[in-house]
Amino acid sequence: LAEEQQFELLIEGLLNNEYGVCDNFFTPEEISGLRENLQTYHQAGQMYPAGVGKNFDFQKNAEIRGDVIYWIDEDSKNAVEALFIEKIERFIAYLNATCYTGINDSEFHYAYYEPKSFYKRHLDQFKSDRGRRFSMVLYLNDNWLEEDGGSLSLYIGDETLSVYPMGGRLVFFKSDETEHEVHAAPNRPRISIAGWLKV
């Protein structure tokens, strides 16, 4: 799909179904480069346990979530990270132009889930900080199969929808409305970039 068609697919999915999904949002080469970055950070011991909550609510709570993360510098000099940030910025510009969302900031991190680790059902919006408007998850897994598990559950109305973490797939939903849950993959790590579009 052309880039604008990808953006439309995400926005239409959000408007019609409360979430958008676009496969191959980045090229296989770009996904491979991002995957290699994550593996480099992980092997170098630069990824740290993620917390739950913000500021004084922040606590490392492995009973709720089990990933380790590495924040992406918005001025990164890494070529593939710069490509990632530039495309996200083009998407924000398109979203603001077509939907008047007023997004003016974003933040993204790599996420590495060990086998059997998970993130229980939650919203991405902090009680103490309403800035996050939209959540985005880009999967970096190589040759993922449904039997590997590790799905993302989205709780929409009375429905539970499952999205499998295929490499190159991007998921887009509202941070303050859509509860979601990351299920464990029993036998292999599950890797992604997760982040938020903010006001």
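We count residues from 1, following the sequence as given.
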Worked verdict on M166 versus E146 for side-chain contact (heavy atoms from CB on, under 4.5 Å): CA-CA 9 Å; M166 313 304 184; E146 286 195 12; 4.0 Å; yes
side-chain hydrogen bond (donor to acceptor under 3.5 Å, both in side chains) evaluation trace for Q46 with Y110: CA-CA 11 Å; Q46 293 178 290; Y110 292 98; over 6 Å; no
If we ignore hydrogens and angles and just use 3.5 Å, is the side chain of K116 paired with the main-chain N or O of E114 as donor and acceptor? no
Are any of the side-chain heavy atoms of I193 and V137 separated by less than 4.5 Å? no
Keeping N96 on the side-chain end and G102 on the backbone end, is there a donor-acceptor pair under 3.5 Å? yes
Using the rule that two of Ile, Leu, Val, Met, Phe, Trp, Tyr join whenever any of their side-chain heavy atoms come within less than 4.5 Å, decide whether I103 and L138 are in one cluster. yes
Should the heavy atoms of other residues, nucleotides or ligands under 6.0 Å from CD of E4 be counted, would the total exceed 12? no
Strictly by ring pair (Phe, Tyr, Trp, His ring centres under 6.0 Å), give each pair with a member in residues 140-166 just once, sequence neighbours left out. none
Can L95 and L10 be said to form a side-chain contact (heavy atoms from CB on, under 4.5 Å), step by step? CA-CA 10 Å; L95 186 67; L10 292 173; over 6 Å; no
Do K87 and E30 have side chains that get closer than 4.5 Å, going by heavy atoms? no
Determine whether more than 12 heavy atoms belonging to other residues, nucleotides or ligands lie under 6.0 Å from atom CG of N143. no
Sequence neighbours excluded, the answer for salt bridge (charged side-chain N to carboxylate O under 4.0 Å, His left out) partners of E89 is none
Is there side-chain contact between I191 and Y113, with heavy atoms separated by less than 4.5 Å? no
Do side-chain atoms of H42 reach the backbone of T40 as a donor and acceptor pair under 3.5 angstrom? no
When you compare the side chain of I156 with that of N17, does any pair of heavy atoms fall below 4.5 Å? no
Looking only at heavy atoms, which two atoms of D73 and I85 are closest? And how far apart? O-CD1, 3.2 Å
Note: E177 and L123 closest approach over all heavy atoms is C-CD2, 3.6 Å
Salt bridge or not between E107 and K198? Use side-chain N to carboxylate O under 4.0 Å. yes
Counting distance only, does the side-chain N/O of S32 pair as donor-acceptor with the main-chain N or O of P28 below 3.5 Å? no
Does R169 make a cation-pi contact with Y139, if we ask for NZ or CZ under 6.0 Å from the ring centre and within 45° of the axis? no
Could you label the plane-to-plane angle of the F25 and F7 rings as parallel, tilted or perpendicular, counting under 30° as parallel and over 60° as perpendicular? tilted
Please determine whether side-chain contact (heavy atoms from CB on, under 4.5 Å) holds for the pair Y41 and Y112, giving the CA-CA distance in whole Å, both sets of side-chain angles, and the decisive distance to 0.1 Å. CA-CA 10 Å; Y41 297 136; Y112 180 101; over 6 Å; no
Check against side-chain contact (heavy atoms from CB on, under 4.5 Å), T178 and Y19: CA-CA 8 Å; T178 305; Y19 77 106; 5.6 Å; no
Establish whether F173 and L161 are linked, either directly or via other cluster members, by ILVMFWY side-chain heavy-atom contacts under 4.5 Å. yes
Give the minimum heavy-atom separation between P186 and D148, together with the two atoms involved. CD-O, 3.4 Å
Test item: R133 side-chain N/O and L197 main-chain N/O as donor-acceptor pair under 3.5 Å: no
Flag, side chain of S175 to backbone of S135, donor-acceptor distance under 3.5 Å: yes
May I ask you to decide whether K174 forms a salt bridge with E18, counting only side-chain N to carboxylate O separations under 4.0 Å? no
Is I11 reachable from V171 through a run of I, L, V, M, F, W or Y residues, each pair having side-chain heavy atoms under 4.5 Å apart? no
Minimum heavy-atom separation for L9 to V21, with atom names? CD2-O, 3.5 Å
Between S76 and E81, what is the shortest heavy-atom contact and its length? OG-OE1, 2.6 Å
Do the rings of H109 and W71 sit parallel, tilted or perpendicular, given the 30° and 60° boundaries? perpendicular
Under the side-chain hydrogen bond (donor to acceptor under 3.5 Å, both in side chains) criterion, do S153 and H180 qualify, and how do the steps go? CA-CA 5 Å; S153 283; H180 52 287; over 6 Å; no
So, do F134 and F172 have ring centers that fall under 6.0 Å from each other? yes
On a heavy-atom basis, the closest approach of F118 and A184 is CB-N, 4.1 Å
